[in-house]
A.B. asks: 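Structure in structure tokens, see below.
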Protein chains: 2
Amino acid sequence: MGITERKEREREEMRKLILDGAQKLFLANGYDKVSIRNIADEIEYSPATIYLYYKDKNELLYALHQRGFVKMVQEFQPLLLLTDPFEKLVEMGRAYIRFAVENPELFDLMFIMMAPMDTLDKEDWMEGDQAFGLLTQVVQECIDAGIFQKHNVQATAMMIWSGIHGYTALYLRKRLGMLPECDRESIMDDAFNLFCETLRHGL
Amino acid sequence: MGITERKEREREEMRKLILDGAQKLFLANGYDKVSIRNIADEIEYSPATIYLYYKDKNELLYALHQRGFVKMVQEFQPLLLLTDPFEKLVEMGRAYIRFAVENPELFDLMFIMMAPMDTLDKEDWMEGDQAFGLLTQVVQECIDAGIFQKHNVQATAMMIWSGIHGYTALYLRKRLGMLPECDRESIMDDAFNLFCETLRHGL
DNA sequence: AAATATAATAAACACTGTTTAGTAAACAAG
DNA sequence: CTTGTTTACTAAACAGTGTTTATTATATTT
């Protein structure tokens, strides 16, 4: 009875076809400029068909958010090989910011938009947990190396993530208008380095 | 010729009527659950009338975002009287977080949503500039008091704002799902205090 | 009193996410 | 091979959305 298995495979292929189409349009035009009808046109199916494979638009966004985490964790892999734990931490910060600038729509889905989170009924958020795990590991290494004091690892990681995330989110959401255009970039560079130095000498 | 002045006054009253209606509905139900038609019903005018006073929905959101800043700056006033500059800074951080928790929709409009920013063609953002000015002042006081080193004030302020903003935004956008429910609050408390201590001893 | 300018709206336009009812193809049973 | 049934898909509809246009009623000016 290989027939149910083929059906399952075909279903999975269809889900991928839909998600690929959605990804292409979303990342090119932004979330709120792409409709279910646009996606349906892209993959040459009727809009109603999409609802046979995904509960609603939010579930589609959640699936894309998952792909975003796969991509991000991939991009983090190489710098996990760095030997100096503090350098590793700083480079993770840079990688986070770079990922956001290069993939603003994905970043939005992963860390800013409410919509994809509305699908999880509980509060697990596996993807976030995995990514946060990478950070806590590096923070733990910094503590073990005597670079950071022995505070709660999770609280320390949370504090660092907040700093980098705020920096990134304010930039992406165009909230830097009060910094004079000409030296905005240098001020932001200074702010990043200041954060790193402060962690280095004050934690 | 007091007639043009009355007309101008009536126009301003109508703008207020619309904005009050919009505010009431937006703050109660959230931005994307309130339509122009809802607002029109609330104030007992036709939807088209709203467009005679506001260019589009984004302009309405921008006007509300402005009101948010008035409210926030008001709430900041009392703690600007504190004498210890570092204590002042910490309390400003707490006030920022408190404001966000108590007025999530307003905070959204002010610091997270893209829509209200789309109305400003240039990149001035007066409201943000004024609020950021309050922060830079306090940071300057910390530098003058020898609590902080003599780094660039704007970069220092930006770094601090990033930390507090990231903390707040991650909470509001439900990105703390990886912290165990039971001790999430204490971890976040620790993270805030850790940030303050780190600034205190490392900046 | 007639002509003009202003304020407000009903109705339409071009969309949106989602659901329902119905059809054509694939499969299972006799 | 023909039934009956399940599955995959879609056209059409529902109930909205932001926004514009053509029209009417009122207010102001000549």
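Here the structure is a predicted model, which is why all the values come from computation and not from measurement. Residue numbers begin at 1 in each chain, while the letters A, B, ... track the order of the sequences. Note: hydrogens, waters and symmetry copies are ignored here, and every other heavy atom, side chains too, is used.
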A.B. asks: In terms of relative ring orientation, are Phe107(B) and Tyr96(B) parallel, tilted or perpendicular, with 30° and 60° separating the classes?
C.D. replies: perpendicular

A.B. asks: What is the distance, to the nearest angstrom, from the CG atom on Asp118(A) to the P atom on dT18(C)?
C.D. replies: 12 Å

A.B. asks: Answer yes or no: does atom CD of Glu44(B) have more than 12 heavy-atom neighbours from other residues, nucleotides or ligands under 6.0 Å?
C.D. replies: no

A.B. asks: Under a 3.5 Å threshold, yes or no: a donor from one side chain and an acceptor from the other, between Glu127(B) and Tyr62(B)?
C.D. replies: yes

A.B. asks: Using distance only, find each side-chain donor-acceptor pair of residues 68-76 of chain B under 3.5 Å and give its atom names and separation, not counting sequence neighbours.
C.D. replies:
from, atom 1, to, atom 2, distance (Å)
Lys71(B), NZ, Asn103(B), OD1, 2.9

A.B. asks: Is Asn38(B) near enough to dT17(D) that one of its side-chain N or O atoms lies under 4.0 angstrom from OP1 or OP2?
C.D. replies: yes

A.B. asks: Give, ordered by number, those residues of residues 43-57 of chain B having at least one heavy-atom distance below 4.0 Å to an atom of DNA chain D; if nothing qualifies, reply none.
C.D. replies: Ala48(B), Tyr51(B), Asp56(B), Lys57(B)

A.B. asks: In whole Å, what is the span from the CG atom of Leu61(A) to the P atom of dG17(C)?
C.D. replies: 10 Å

A.B. asks: Can you tell me how far P of dT9(C) sits from CD1 of Ile36(B), to the nearest Å?
C.D. replies: 14 Å

A.B. asks: How many whole angstroms separate atom CD1 of Ile39(A) from atom P of dT16(C)?
C.D. replies: 11 Å

A.B. asks: Whole Å only: how far is the CG atom of Asp41(B) from the P atom of dT9(C)?
C.D. replies: 11 Å

A.B. asks: What I want to check is whether an N or O donor and acceptor connect the side chain of Arg37(B) with the base of dG16(D) at under 3.5 Å.
C.D. replies: no

A.B. asks: Less than 3.5 Å apart, any donor N or O on the side chain of Glu197(B) or Asn193(B) sitting next to an acceptor on the other?
C.D. replies: no

A.B. asks: Using whole Å, report how far CG of Asn58(A) lies from P of dT16(C).
C.D. replies: 17 Å

A.B. asks: Could you tell me the separation between the CD atom of Glu59(A) and the C1' atom of dG17(C), rounded to a whole number of Å?
C.D. replies: 14 Å

A.B. asks: How many Å lie between NZ on Lys33(B) and C1' on dA15(D), as a whole number?
C.D. replies: 17 Å

A.B. asks: Would you say that more than 12 heavy atoms from the other residues, nucleotides or ligands in this model lie under 6.0 Å from the CE of Met114(A), or not?
C.D. replies: yes

